[in-house]
Amino acid sequence: MTESMKGLRRTHRCTEVSREHIGETVTVMGWVQKRRNLGSLIFIDLRDRSGLLQIVFDEPKVGSEGFAKAETLRSEFVVAVTGTVEKRSAAVNENLKTGDIEVIASGLRILSESETPPFPIEENSQTKEELRLRYRYLDLRRPDIQRNLMMKSKVAMLLRNFMAEEGFLEIETPILTKSTPEGARDYLVPSRVHPGNFYALPQSPQLFKQLLMCSGYDRYFQIARCFRDEDLRADRQPEFTQADMELSFVDVDDVIDVNERLLQYVFKEAAGVEVELPIPRMTWQEAMDRFGSDKPDTRFGMELINVSNTVAGCGFGVFTGALEQGGSVRGINAKGQGTMPRKKIDKLVEFAKGYGAKGLAYLAVNEDGSYKSSFAKFMTEEELKSLVDKMKGEPGDLLLFAADKNKVVWDVLGALRLELARELGLLDKNQYHFLWVTEFPLLEWSEEENRYMAMHHPFTMPMEEDWDKIDSDPGSVRAKAYDIVLNGTELGGGSVRIHQDDIQEKMLEVLGFTKESAYEQFGFLLNAFQYGVPPHAGLAYGLDRMIMLMMQCDSIRDVIAFPKVKDASCLMTDAPNVVDEKQLEELALSIDISEEKEQ
Ligand code: ASP
């Protein structure tokens, strides 16, 4: 039989009770973590979102009815306990915040009972994630997930505080809207009132925040849900949260300045992490050349070295062939890994192939100075020596080379560098290496579409210095775009936007828009720009990722209350699901799933 709350009032959360309350009467409420019967005493650990508190039931104090009730308690029952706070009679539990006290119950109410949960509610659960996500409401009771969500709430509050102090206004933008050119696939929502027409869920508030600048709001901020229908990877979710901002009358340095202070404040207040300012900056070109990545993890070295000049004209066709095709040859030096067994090297070769490499050339410098190599036989002694010198190879080192188009070489060695660092334990989660990556290319050539695409989005401002190359060499034009990177993860990114007609027109032309197609997609923005647009710029953070890094979680799902899994479904609600025939009729939709599509 369960009881009501009538006449009861919670005085404290579990861990708010402390030594200071010894001798006082408190009323606490929560879930039974576990019950232990010790002779004439019954102990329970009571749990709420703040933590655990030990309750003792002693028959003379709680009465025979209360004691009998306590005997029926099982894990996850919800109870209210009134009692006196006392110093622990038995050993103090150093691991608990309330480890030196206990509450001697004088009253107990069972507010609700619980079935035996399908998995224990405990920290660092070993239970398969699939089962946990099916019962997410139970999984969310686990202290580690609760800590993550409490941190997210705290960070959101800190962001709001900071932004308000800096004169930003929090303004909502629509969820039912029109496609934004962020480059991913849209989620669509059919319109009942306009049969055959669809809203798109926003991939970001991009166009609206730019409009707000046109409308004179000067500084905008929003914690905004964004939707992207992409194939999911480990750190992606179909819906995710951005901390999004836009500022008027600013250039790159102004955006960086406000955001450095924001990061310093939020990381310090939320996670106790000191961010030293200024945060280092690196151009995109340098990031690619040194790390093979536009989001370099700078917690460790193992940088890429361009050996193209050194191997030009050597006897190894794989190297010279790549150079003849306009590519490059680059390597990394895995220090002290020269004795890596052949099998392991073969695994690295396979790994590299996964990133588009045709192969991976290696050279181990033996302790006696001789070489063990996949290509030594194609090169002269001098050629080998100058290559090893260029790579700063010493006895015991393993040198790994990729030869291909630049993009492939960067991808392969960038990924390999990280993989080796993971294997060698070089990634220290307690270090926070922030980095601005700036001067991204404006455009990116798409083999698939056989045209240039905007690397960020079509409203990104080119660098003044490069503008005269927009016709002759569009691929070399750099943009006023920047990313903020933390430990090899893109935490956020943004750009200065185009506010000048002629530049916008040219940009759209280079991207292959006709006037009509541009107006059809975002004519409202182009029109707005006809009525006085201030220079503006902005940036958006992936809030989930930020929390994930702060809390040192491995998965983004651990910082989202109700996440989806890889195929974009929700295991708890079974969304997406089929709908009534009647609903489809109202929307003037009919479903035709051919057999291939079903598979
Ligand atoms: N809307 C951009 C994005 O989602 C961010 C920005 O440019 O402010 O990546």
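First listed ligand is number 1; within each ligand, the first listed atom is number 1.
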*Which atoms of ligand 1 have any heavy atom of G494 under 4.0 Å away?*
6 (C), 7 (O)

*Residues Q242 and S204: side-chain donor-acceptor under 3.5 angstrom*: no

*Answer yes or no: is there a side-chain heavy-atom contact under 4.5 Å between Q203 and E230?*
no

*asked:* For a salt bridge (charged side-chain N to carboxylate O under 4.0 Å, His left out) check, start with the C-alpha distance between D297 and R417, then their side-chain angles and the critical distance, and finish with the verdict.
replied: CA-CA 10 Å; D297 192 330; R417 179 179 168 268; 5.9 Å; no

*Of the backbone atoms (N, CA, C, O) and the side-chain heavy atoms from C-beta on, which set of E490 has a member under 4.0 Å from an atom of ligand 1: side chain, backbone, both, or neither?*
neither

_Under-4.0 Å heavy-atom contact with ligand 1, by part of H457 that carries it_ = side chain

*asked:* Which of the numbered atoms in ligand 1 are under 4.0 angstrom from any heavy atom belonging to Q242?
replied: 3 (C), 4 (O)

_Can you tell me which portion of R228 lies within the under-4.0 Å heavy-atom range of ligand 1? Options are side chain, backbone, both, or neither._
side chain

_Is there a side-chain contact between F240 and R545 in this structure, where contact means two heavy atoms from C-beta onward sitting under 4.5 Å apart?_
no

*Mark up the atoms of ligand 1 that fall under 4.0 Å of a heavy atom belonging to A540, in ascending order.*
5 (C), 8 (O)

_side-chain hydrogen bond (donor to acceptor under 3.5 Å, both in side chains), that's the test. Do Q206 and Q210 meet it? Break it down for me._
CA-CA 6 Å; Q206 186 61 36; Q210 292 195 240; 2.9 Å; yes

*Near G538, which atoms of ligand 1 are under 4.0 Å from a heavy atom of that residue?*
8 (O)

*Have a look at A481, S204, G493, A224 and point out the one with the heavy atom closest to atom 5 (C) of ligand 1.*
G493

_Derivation of the salt bridge (charged side-chain N to carboxylate O under 4.0 Å, His left out) call for K152 and D544_ = CA-CA 8 Å; K152 200 170 186 179; D544 311 293; 2.6 Å; yes

*Go through ligand 1 atom by atom and flag the ones less than 4.0 Å from a non-hydrogen atom of K209.*
6 (C), 8 (O)

*Q206 N/O under 3.5 Å from ligand 1 N/O*: yes

*asked:* I'd like to check which ligand 1 atoms, numbered from 1 as shown, lie under 4.0 Å from a non-hydrogen atom of L539.
replied: 8 (O)

*asked:* Could you check whether F459 and F529 have their ring centres less than 6.0 Å apart?
replied: no

